[in-house]
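Keep in mind that the numbers below use all heavy atoms, side chains included, and drop hydrogens, waters and symmetry copies.
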Amino acid sequence: MPLRFYNTLTQQLEDFQPLDGKTVRMYTCGPTVYHYVHIGNFRTFSFQDILRRTLAARGFALDHVMNITDVEDKIIRNAMAAGQTINEYTAQYTKAFMDDAAQLRLQRPERFVFATDHIDDMVSAIQGLAQRQHTYLSDGSTYFRIATFPPYGKLSHTNFTGNIAGARVEVDEYDKDDARDFVLWKAQKPGEPGWETPLGSGRPGWHIECSVMAMKYLGETIDIHTGGVDLVFPHHENEIAQAEALTGKPFARFWLHAEHLMVEGQKMSKSLGNFFTLRDILDKGYSPEAIRYLLVSVPYRKQLNFTFDGLKAAATSIDRLRNFQLRLLNERFPAGSNAALDQRTAQALEAFHAGLDEDLNTAGALAAVFEYVRDANTAMDAGQFTSANTPAARSLLAAFDAVFDVLRPTVAEGALSDSGIEALILARTQAKKARDFAKADQIRQDLLDQGIVLEDTKDGVRWKRKS
C-alpha cells in the first residue's frame with residue numbers, strides 16, 4: 001500500500017515519495033520562544049513526531065529542519081520590559097521547549113535553526129526580491145508587493161485579486177482575512193534592538209525567516225512543510241510567495257497541517273482558565289506518556305478535544321498495552337504453535353501500518369493494535385497462545401512503540417531503579433518464605449507508595465510502574 005498524505009496545496013490525498021527516493025527533506029515551523037509552549041502547539045509538534053517516525057518506519061532517511069523564532073514583536077516587547085537582551089530572554093524559553101519536547105519523547109530534528117543566526121541570509125534574500133521588483137520601501141521598512149506574485153492564495157485557496165495594491169501591514173501578527181502587502185524588513189524603532197544592514201537598521205519580518213532557513217538547509221524545493229492550520233494564512237502563504245518569487249521553483253511539494261486543539265470543548269484561552277502548558281498538566285500528576293498518547297490518538301486533520309477524562313482514559317489504554325507486554329515477558333505459555341494466531345498477528349501488523357500509511361490515521365492504527373491485544377489476551381486465557389506465538393507478538397508491540405513510544409514508563413527523578421525494585425521484591429519473597437508476612441506486606445505497601453504495583457502469579461511476581 002502506498003504512503004499517502006493529504007496535501008493542503010492540492011486538497012487531495014497523494015502518494016508520497018521524496019524527490020530523490022531516499023531522503024525526506026522536511027521543514028517544520030517551531031516555537032516562538034517568548035514563553036512556555038502550550039499544549040495546543042505540542043499537539044502539532046506531536047503530529048510531526050508521528051510523521052517522522054512513520055517515514056523512518058517506511059525506510060526513508062530524514063533531513064528535518066525546525067526553526068526557533070527568537071526575534072519578533074512579543075519577544076522584543078517582553079525582553080525590553082525585563083531589561084534583558086533578546087538572547088538572554090529567549091534562552092530560558094528555548095531550553096524549556098527542548099526539555100518539554102524531550103519529556104514528550106519527540107525526536108530531535110536533524111537541525112534546529114535560529115532566526116537570529118541567519119540575519120545576513122535574510123538580508124540577501126530580500127535584496128534578491130528587490131532586484132526582481134517584488135518589494136518597495138516605506139518609512140524605512142521593506143515590503144513584499146503581493147500583486148507581483150499572481151499565484152498568491154494558492155495554499156489557502158482564496159482569491160485575492162480584489163486586494164488593494166500598495167496597502168501594507170507592518171506587524172507580524174495580523175488578521176487572517178487581511179491579504180495586504182507584508183513586511184520583509186522592519187525599520188528599527190527608538191529603543192528597540194536591531195541589526196545594522198544594507199537594508200537599514202532593523203530586523204526581519206516573521207515570514208522571511210522560514211523561507212530563507214528552509215531553502216538554506218534543504219534546497220529550493222523541499223519535500224514536506226508542516227505546521228498548524230493557523231499558519232496556512234498568512235504565514236505559509238507568504239513563505240510560498242517569497243520563496244517562489246525568489247527562485248521561480250515550487251517551494252514545497254507537500255503541505256501538512258494539524259487541526260486545532262480544544263480544551264474541554266472550548267477554545268483554549270487564559271480568560272477561560274483552560275490555557276495549559278505541558279508543565280501545568282504534569283504538575284497535576286499526569287504522566288508524559290498519557291499526554292503524548294492523547295495528543296496523537298486523534299488523526300491530525302481532526303480537531304482534538306483535550307479533556308482530563310481523556311487523559312485518564314489514555315493512561316488506562318497504556319496500562320492495557322503494558323499489561324499485555326508483561327504477559328508476553330513473564331508468563332509461561334504452552335509449547336507448540338498456533339498458526340491461526342500467527343496469522344492474526346500478521347493481519348494486525350498490516351492493519352497498523354495501513355492506518356499510518358493512509359495520511360497518518362493514528363486512530364485506525366491504534367484500533368488495529370487494541371483489537372489484536374484483546375484477541376491475544378483471550379487466547380492466553382484459554383491456553384491457546386503458545387510459546388511460538390510470542391516473537392511475532394513482541395515484534396508487533398515493537399513496531400507500535402517505534403511510532404507511538406508510550407510503553408516505557410517515565411521514571412521520575414529520585415525514583416527507584418529497576419534493580420532496586422527487583423531487590424525489594426526478592427526481600428519480600430524471602431520474608432514470605434520466613435513467614436514474616438508483616439514485613440512482606442510492608443514492602444509491598446512501600447513499593448505501592450512509590451508507584452510500583454506488584455502482581456503475584458503462578459509464574460512468579462510481576463511488577464509495573466503506575467501510569
Side-chain angles (χ1 to χ4, degrees), residues 8-9 27 29 32 67 69 71-77 115 118-190 192 194-195 197-215 220 225 227-252 255 257:
T8 306
L9 186 65
Y27 185 88
C29 287
T32 301
N67 77 296
T69 298
V71 56
E72 58 89 64
D73 290 337
K74 289 187 292 292
I75 289 172
I76 290 173
R77 185 169 60 246
H118 297 82
I119 301 297
D120 290 344
D121 298 310
M122 296 171 202
V123 169
S124 295
I126 295 168
Q127 289 173 323
L129 288 169
Q131 291 168 3
R132 292 163 177 78
Q133 307 299 310
H134 292 292
T135 71
Y136 61 89
L137 294 173
S138 179
D139 299 326
S141 295
T142 303
Y143 292 85
F144 186 96
R145 193 189 301 277
I146 68 168
T148 65
F149 187 70
Y152 192 86
K154 65 180 179 178
L155 183 68
S156 56
H157 305 282
T158 307
N159 184 354
F160 293 110
T161 54
N163 183 60
I164 302 171
R168 60 188 179 274
V169 176
E170 184 188 38
V171 297
D172 286 337
E173 299 174 289
Y174 53 91
D175 293 337
K176 289 179 182 157
D177 60 354
D178 195 336
R180 293 175 291 177
D181 300 341
F182 57 90
V183 68
L184 297 168
W185 185 261
K186 301 182 74 169
Q188 187 176 18
K189 294 179 181 178
E192 277 191 349
W195 285 262
T197 77
L199 300 173
S201 182
R203 66 174 180 84
W206 174 36
H207 312 299
I208 193 67
E209 297 173 3
C210 287
S211 299
V212 167
M213 292 188 289
M215 291 191 293
E220 292 177 337
H225 196 310
V229 292
D230 55 310
L231 298 183
V232 173
F233 183 84
H235 184 49
H236 289 166
E237 197 77 72
N238 292 351
E239 279 191 58
I240 290 174
Q242 294 161 153
E244 296 187 4
L246 194 60
T247 69
K249 299 176 183 177
F251 175 44
W255 290 84
H257 291 98

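- For the atom pair T69 OG1 and M213 CE, the distance stands at 6.0 Å (nearest 0.5 Å).
- The only option from F144, F149, F182 that meets the ring pair (Phe, Tyr, Trp, His ring centres under 6.0 Å) definition with H134 turns out to be F144.
- Partner P204 forms a side chain to side chain contact (heavy atoms under 4.5 Å, CB included) with one of I119, I126, V212, V183 and no other, that one being I119.
- A distance of 9.0 Å separates OG1 of T135 from CG of L199, quoted to the nearest 0.5 Å.
- Between T197 and W185 the shortest side-chain heavy-atom distance falls below 4.5 Å.
- With hydrogens and angles ignored, the 3.5 Å screen pairs no side-chain donor or acceptor of E239 with any backbone N or O of A243.
- Using a distance-only test at 3.5 Å, with no hydrogens or angles considered, no donor-acceptor pair links the side chain of S141 to the main chain of K186.
- For the residue pair E220/T247, the side-chain donor-acceptor check at 3.5 Å is not satisfied.
- Listed for the E72 side chain is no donor-acceptor partner under 3.5 Å among the backbone atoms of W206.
- The aromatic rings of H207 and H235 sit tilted, their planes meeting at an angle between 30° and 60°.
- Annotation: the span from Q188 atom CD to I76 atom CD1 amounts to 9.0 Å, rounded to 0.5 Å.
- Between F233 and Y152, the ring planes lie perpendicular to each other; the angle is over 60°, past the 30° to 60° tilted range.
- Under the 3.5 Å distance criterion, the side-chain polar atoms of S201 are left unmatched by any main-chain donor or acceptor of G194.
- At a threshold of 4.5 Å between non-hydrogen side-chain atoms, the residues M215 and K249 do not count as touching.
- No side-chain heavy atom of E209 sits under 4.5 Å from any side-chain heavy atom of H118.
- Between Q127 atom CD and L184 atom CG the span is 12.0 Å, to the nearest 0.5 Å.
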Verdict with reasoning, D139 to K189, per salt bridge (Lys or Arg N to Asp or Glu O under 4.0 Å) = CA-CA 11 Å; D139 299 326; K189 294 179 181 178; over 6 Å; no
